[in-house]
Amino acid sequence: MNNSRQALLQQIKDGQFHSGEQLSAELSVSRTAVRKIIKQLQQLGLDIESRHGMGYRLQRPVELLDSDKIFAHLQKRARPLCNGIDVLFETDSTNQYLAARCAHESCSGHVVLAEHQSQGRGRRGNQWLSPLAGGISLSVAWRTDYTYASLGLLSLFVGVAVARALSKIGIHEVGLKWPNDILVHHQKIGGILIEMQGEANGPIAMVIGIGINHAIPTKIAQAIDQPVTDIVSHVQNTVSRNELAAILISELLLLLNGTTEDDHEALLEEWRRYDCYKDRMANLLLHDSEISGQVMGIDDDGCLLISVDGHVERYMSGELSVRLQS
Ligand code: BTN
């Protein structure tokens with residue numbers, strides 16, 4: 001079934017009408033089966049119009065992900081750091097896929113992308129919705145000598161890599177919300193989930209997952225419990241999904257490898273320039289409580305500083321989330 005969904009999408013990806021008869025011949029299935037597959041594609045988030053006498057067409061053409069195209073668009077310096085690119089049509093979660101296969105050293109730099117995730121994972125146990133071909137869902141396996149203590153910083157720096165990638169495609173109003181939500185005009189356009197395995201003081205194997213909304217159907221945007229936006233709402237011309245994936249992967253690999261020449265201080269300064277919550281009143285959700293105060297930015301360890309009743313408190317990365325009061 002997975003294969004027939006993929007095959008049908010290949011046929012209709014151009015955004016033109018395709019008759020049921022033609023599709024059933026191309027896929028060697030009955031017209032009833034074509035109708036069924038179309039319904040499944042619609043349920044997975046594709047906007048497909050069905051018109052009597054004309055057939056089916058996508059409301060907007062879709063560029064499917066292709067590993068060769070992505071590799072060809074990687075920055076030259078990033079290519080040696082990339083240890084293979086898998087493009088999956090559907091998976092539960094690209095983070096889960098890599099974590100299950102790639103704990104060993106030789107996997108570092110392996111990249112996986114999926115057109116659709118059935119159980120996309122977000123931070124704090126939240127679900128990440130990945131409508132079919134509507135975003136970029138990618139994960140990168142990486143081994144590092146970073147210690148757990150500095151991983152909070154690393155997660156902030158991944159946000160900087162994503163912000164740089166979005167600026168490169170013409171989105172200049174990118175903001176970062178501690179620890180690593182990516183926003184445009186206070187609406188979420190992407191998120192980062194870093195999962196790791198390793199010893200307390202040894203090298204760490206991690207999976208860095210990045211989800212970016214490319215073209216999110218209105219129905220799905222409405223089902224998300226916070227304001228969201230997507231790439232197509234902020235750029236004039238069509239942005240190739242393969243090119244966007246390549247830019248994200250290049251920026252990430254170069255940053256992880258330390259190729260970008262930026263030292264921690266420079267990266268922290270850059271993060272602070274993207275910080276879109278600094279000085280705002282906010283609620284900070286802890287595991288079992290919530291505090292309110294004024295966000296004072298981050299310290300040099302990447303911890304959030306928040307002023308509560310005149311006292312500046314410091315919170316570690318990764319355990320908290322922030323919400324605007326108004
Ligand atoms: C968040 O903002 O809560 C983090 C979202 C991270 C989503 C990405 S999509 C690719 C990778 N695979 C997952 O299951 N999650 C991450």
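Indexing begins at 1, ligand by ligand and atom by atom, following the structure's order. All values derive from a computational prediction rather than experimental measurement. Because only heavy atoms are used, hydrogens play no part in the values below, and waters and symmetry mates are left out as well, while side chains stay in.
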Can you pull every nitrogen or oxygen pair between ligand 1 and the protein closer than 3.5 angstrom?
from     : atom 1 : to     : atom 2 : distance (Å)
ligand 1 : 2 (O)  : Lys188 : NZ     : 2.6
ligand 1 : 3 (O)  : Arg123 : N      : 2.7
ligand 1 : 12 (N) : Thr94  : OG1    : 3.0
ligand 1 : 12 (N) : Gln117 : OE1    : 2.9
ligand 1 : 14 (O) : Ser93  : OG     : 2.7
ligand 1 : 14 (O) : Gln117 : OE1    : 3.4
ligand 1 : 14 (O) : Arg121 : N      : 2.7
ligand 1 : 15 (N) : Arg121 : O      : 2.7

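Put simply, the side chain of Ser240 gets close to the backbone of Glu243: a donor and an acceptor are under 3.5 Å apart. The main-chain N or O of Leu74 is found under 3.5 Å from a side-chain atom of Arg79 such that the two form a donor-acceptor pair.
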Stepwise, does the side chain to side chain contact (heavy atoms under 4.5 Å, CB included) test hold for Leu113 with Leu88?
CA-CA 6 Å; Leu113 299 102; Leu88 312 173; over 6 Å; no
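When every heavy atom of Leu156 is checked against every heavy atom of Gly302, the shortest pair comes out as CD1-CA, 3.5 Å.
Under a cut-off of 6.0 angstrom, the local environment of CD in Glu49 is crowded, with over 12 non-hydrogen atoms contributed by other residues, nucleotides or ligands.
The pair Arg272-Asp299 does not meet the salt-bridge criterion, since no charged nitrogen lies less than 4.0 angstrom from a carboxylate oxygen.
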